[in-house]
Amino acid sequence: MTVDTKPNPDVLAVHSIDEFVFSVPDLQQARHFYSSFGLDVREEAGALALYTHGHEHRWVRVVQGPVKRLLWVSLGVYEGDVARFERHLAEHDVTRCAPPAGADSNGLWLRGPDGVPLQLRVAAKSSPSTPGPREHAPVCRNEGRSVGRSKIKQVRPLYMSHILLFSADVDATSTFYMDVLGLRLSDKSGSVIAFLHTPHGSDHHLIALAKSNGPGYHHSAWCVPSIDAVGLGTQQMVQAGYEKGWGIGRHVLGSNYFRYVRDPWGSYAEYSYDIDFVDPGAPWPAADHPGEDSLYVWGPEVPADFVINHEVPTA
């Protein structure tokens, strides 16, 4: 998964979500949720650090706070691009900011259009550089092919594929992420939702943006290797007490099979299988899609509260 050589030397763009940080009022509840989901949850400096089993990268930190709130997003850049980014930010009159409380001072700190602190820091590429694995059932050979229920193991995601953030202005925020941070548009649906990838190679979207009345964190998506893993993950979360969510289904934009599991604070963790991939430097046929194509091809009806941003006051 780690790529340290820049695939497109002339392209200035972030290459990964190095990590994102959010607060919740109950860390023990968060530990139970994410451990049940199949992540490697560790305590680090009084916070929870979310890893995938067998992977050295820390994807997320969850800190104690009075409410659930997105605090900042750290984006990975190549070392040779830091000075270029510094000039680029100045040319675009981007507002710089001090690191938030609890954040390190490394790299470049700035504010996005919604006021969310963003950090550009040198990091190894953690976004995928090849499509995710696709495991299929064996070919029929006059014997049963399903795993026995008695042999089921915990579903453990392989890596974080993407995050979806709320925005008060999807058009302005997506333009900022493209013009300032170098991401590219994969697909959109009007001014309601946009999906962005990195030209250094990533899944169909590294960051997605959804319309709301303010900033916030909607979900993180985690790659699993089969449709069975999506189903088994759904089952293990129901057994752990987390039956609310959406799916199983299949998206139009991104093409992946999904199950969203609702966490105790109204955001989601997604089991994602077989999402589209954009090779480094490859063109992608971005388009503006009708609303009915913005969510799913098949699956259950979207829950009424699925796109509610619980981090801002309701009207």
Side-chain angles (χ1 to χ4, degrees), residues 17 20 70 73 112-116 132 160-179 181 183-198 202-223 227 230 234 244-263 265-278 282-315:
I17 299 165
F20 71 96
L70 176 67
V73 179
D114 281 327
V116 175
M160 190 176 77
S161 169
H162 61 265
I163 59 174
L164 187 148
L165 305 179
F166 288 113
S167 173
D169 189 333
V170 169
D171 292 333
T173 305
S174 58
T175 296
F176 177 88
Y177 275 87
M178 290 187 287
D179 291 351
L181 302 182
L183 299 184
R184 306 279 173 84
L185 181 68
S186 300
D187 290 293
K188 62 181 289 188
S189 181
S191 298
V192 176
I193 194 165
F195 302 90
L196 308 170
H197 66 271
T198 173
S202 72
D203 288 339
H204 173 270
H205 44 289
L206 182 69
I207 295 176
L209 301 164
K211 177 69 176 177
S212 178
N213 55 341
Y217 160 58
H218 180 269
H219 79 264
S220 55
W222 303 83
C223 174
I227 188 67
V230 177
T234 301
K244 292 183 179 180
W246 181 41
I248 300 172
R250 190 180 189 190
H251 287 303
V252 176
L253 307 181
S255 304
N256 49 314
Y257 300 88
F258 65 82
R259 168 65 182 181
Y260 293 85
V261 185
R262 192 181 191 274
D263 70 21
W265 305 281
S267 46
Y268 295 84
E270 177 190 5
Y271 293 112
S272 174
Y273 165 61
D274 200 21
I275 194 169
D276 293 327
F277 183 81
V278 187
W284 179 267
D288 189 349
H289 299 263
E292 64 183 327
D293 288 341
S294 65
L295 286 172
Y296 64 126
V297 186
W298 58 262
E301 289 294 318
V302 182
D305 64 348
F306 184 68
V307 291
I308 291 177
N309 183 358
H310 296 277
E311 297 182 35
V312 295
T314 56

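Sequential numbering from 1 along the given sequence is applied to the chain's residues. From a predicted model like this one, the values you see are computed outputs, not experimental measurements.
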* **Validation row: D187, H204 side chains within 4.5 angstrom (heavy atoms)** => yes
* Structure fact -> Closest non-hydrogen atoms of P113 and A172, given as atom of the first, atom of the second and distance, are CG-O, 4.0 Å
* Asked: Does a side-chain heavy-atom distance below 4.5 Å link F20 with I207?
  -> no
* Structure fact -> When rounded to the nearest 0.5 Å, the distance separating CD of E270 from CG of N256 is 5.5 Å
* Distance in Å, I248 CD1 paired with I227 CD1, rounded so as to fall on 0.5 Å steps -> 6.0 Å
* Structure fact -> Nearest heavy-atom contact between G214 and V312 is CA-CG1, 3.8 Å
* Asked: So, does H251 use its side chain to make a donor-acceptor pair with the main chain of L295 at under 3.5 Å?
  -> yes
* How long is the span from the CG atom in N309 to the NE2 atom in H218, to the nearest 0.5 Å? -> 9.0 Å
* Side chain to side chain, F306 and Y260, heavy atoms closer than 4.5 Å -> yes
* Does the ring centre of H205 sit less than 6.0 Å away from the ring centre of F195? -> yes
* Ignoring hydrogens and geometry, is there a side-chain-to-backbone donor-acceptor pair from R250 to S255 under 3.5 Å? -> yes
* Asked: So among I193, L164, L196, which one has a side chain to side chain contact (heavy atoms under 4.5 Å, CB included) with L209?
  -> L196
* Asked: Shortest non-hydrogen contact from S202 to H197?
  -> OG-CB, 3.4 Å
* **Test item: S220 side-chain N/O and I163 main-chain N/O as donor-acceptor pair under 3.5 Å** => no
* To do: Identify the two heavy atoms, one from G132 and one from C223, that lie closest to each other, and give their separation to 0.1 Å.
  => CA-SG, 4.5 Å
* Sidechain-backbone polar pair: N213 side chain, P313 backbone, donor-acceptor under 3.5 Å -> yes
* To do: Given side chain to side chain donor-acceptor pair (under 3.5 Å), test S267 with D263 step by step and report yes or no.
  => CA-CA 6 Å; S267 46; D263 70 21; 2.4 Å; yes
* Flag the pair Y296 / W246 as yes when their ring centroid distance falls below 6.0 Å, and as no otherwise. => yes
* Asked: Which heavy-atom pair separates G247 from F258 by the least distance, and what is that distance?
  -> CA-CE1, 3.8 Å
* How many angstroms lie between CZ in F277 and OG in S161, if you round to the nearest 0.5 Å? -> 10.0 Å
* If we only count heavy atoms from C-beta on, is the W284 to R184 side-chain gap below 4.5 Å? -> no
* Structure fact -> Here the pair of heavy atoms bringing M178 nearest to L185 is SD-N, 3.6 Å
* Structure fact -> In this structure, CZ of F176 is separated from OG of S167 (nearest 0.5 Å) by 11.0 Å
* What is the distance from atom NE2 of H219 to atom OG of S272, rounded to the nearest 0.5 Å? -> 8.0 Å
* Residues H310 and D305: side-chain donor-acceptor under 3.5 angstrom -> no
* Can Y177 and L165 be said to form a side chain to side chain contact (heavy atoms under 4.5 Å, CB included), step by step? -> CA-CA 12 Å; Y177 275 87; L165 305 179; 4.1 Å; yes
* Asked: Taking C-beta and beyond as the side chain, do V192 and V170 meet within less than 4.5 Å on heavy atoms?
  -> no
